[in-house]
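Each ligand, and each atom within it, is numbered from 1 in the order the structure gives. We number each residue from 1, following the sequence as shown.
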Amino acid sequence: MNTRSLRRALLSWYDANARRLPWRVGPADRRAGVRPDPYRVWLSEVMLQQTTVPHATPYFLGFTERWPTVSALAAEEDGAVMSAWAGLGYYARARNLLTCARAVASDHGGVFPDTEEGLRALPGVGAYTAAAVAAIAFDRAANVVDGNVERVMARLFAVETPLPDAKPELKALAASLVADDRPGDWAQALMDLGATVCRPRQPLCDRCPVAAACAALKTGAPENYPRKNAKADRPRRHGAAYLAIRKGEAALVRRPARGLLGGMLALPTSDWRAAPFNPAEAKRAAPVAADWRSMGEIEHVFTHFALTLQVWRAEVSGEVDGAIWTPLAEAGAGLPSVFLKALRRGMALI
Ligand code: SF4
């Protein structure tokens with residue numbers, strides 16, 4: 001199979017099997033001249049960088065209903081957008097999202113630039129997002145390479161170099177398949193192939209439109225690609241979170257704008273450090289003197305470390321620094337997942 005037949009096979013497969021996604025203009029509509037909304041493409045790409053399609057979909061629908069245009073999003077207050085983002089993880093992306101929306105609104109009259117270079121120049125837009133929006137929204141022949149596409153390339157060409165060292169090689173291989181013919185559909189066809197057929201475990205090679213070209217399939221064990229360096233364990237951190245209750249209300253605090261979960265609502269916590277806290281230390285780190293009771297601990301995995309968070313609870317009478325007193329029944333709304341878990345543990349719900 002040469003490059004032309006490989007492209008033709010994958011695009012035909014996409015014509016028949018494209019996933020229906022709320023931000024996508026499918027191949028038939030595209031052929032009929034329907035153009036994707038760059039705002040929706042951009043928003044979906046930012047959301048999908050950290051999570052899966054099923055998880056991102058309700059967030060995407062909620063955002064686009066509430067803020068139907070990039071200018072509407074740009075005009076919103078930070079806190080409302082951060083709260084709506086809660087649960088999508090990686091809050092730096094939500095901050096970047098707003099910075100970018102405001103730049104598009106103020107510097108470009110609410111219209112996204114239509115080239116990869118123009119998009120890349122926007123604040124908070126990385127190489128991947130610029131390529132994806134250029135290809136999908138504007139049909140530019142951009143090389144869109146995410147983890148799915150890396151996996152497909154590693155298998156199609158049986159690349160022996162392990163990840164992450166293989167990244168430049170995989171990117172170059174992907175670039176060798178990009179052409180001016182239907183670049184937006186091509187990028188999405190590769191994404192769909194990686195997500196639904198060339199899956200990380202148990203690829204469905206018998207349904208694969210490019211199986212005849214696949215070098216990894218010929219080895220008999222395509223799932224062994226991409227090769228990987230042995231992974232270092234994620235470091236673990238420890239901390240304590242405090243559910244302080246006063247007259248049926250919980251003390252929530254807003255985290256500093258910079259840093260992990262920046263600007264998000266949270267339970268008060270100790271520092272997070274390498275060594276576990278003993279009970280005396282945990283009580284000393286509490287935000288107010290009270291009869292603190294241990295409610296157990298929760299686990300949460302962030303991108304760069306795993307966290308074990310002890311949860312402590314007390315009825316308090318004094319003030320808690322910076323507290324936003326919130327009725328217990330409403331305290332979960334707008335909390336990021338780690339603190340939602342801690343709250344639920346503090347309320348003995350899990
Ligand atoms: Fe992936 Fe199998 Fe297709 Fe190769 S034949 S690209 S391993 S699904």
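Each of the atoms 7 (S) of ligand 1 lies under 4.0 Å from some heavy atom of Arg155. For ligand 1, the atoms sitting less than 4.0 Å from at least one non-hydrogen atom of Pro222 are 7 (S), numbered in the order shown with element in parentheses. Residue-ligand proximity, Ala211 to ligand 1, at heavy-atom distances under 4.0 Å covers atoms 5 (S). Heavy-atom proximity to Cys214, at under 4.0 Å, picks out these atoms of ligand 1: 4 (Fe), 5 (S), 6 (S), 7 (S).
Given atom 2 (Fe) of ligand 1, the protein heavy atom at minimum distance is Cys205 SG, 2.3 Å.
A cation-pi arrangement is not found for Arg155 relative to Phe157, the charged atom failing to lie both closer than 6.0 Å to the ring centre and inside a 45° cone about the ring normal. Note that Arg7 lies in the cation-pi zone of Trp186, set by a 6.0 Å cut-off to the ring centre and a 45° limit from the axis.
Remark: Arg95 does not engage Asp78 in a salt bridge, criterion side-chain N to carboxylate O under 4.0 Å. Using a cut-off of 4.0 Å between Lys/Arg side-chain N and Asp/Glu carboxylate O, Glu319 and Arg246 are scored as salt-bridged.
Taking CZ from Arg182 and CG from Leu10, the interatomic distance works out to 9.5 Å, rounded to the nearest 0.5 Å.
Contact annotation: Cys208 places no N, O or S atom under 2.8 Å from atom 4 (Fe) of ligand 1. For atom 3 (Fe) of ligand 1, the N/O/S atoms of Cys198 include none lying under 2.8 Å.
Follow the hydrophobic side-chain contacts under 4.5 Å out from Met82 and you reach Tyr59 in the same cluster.
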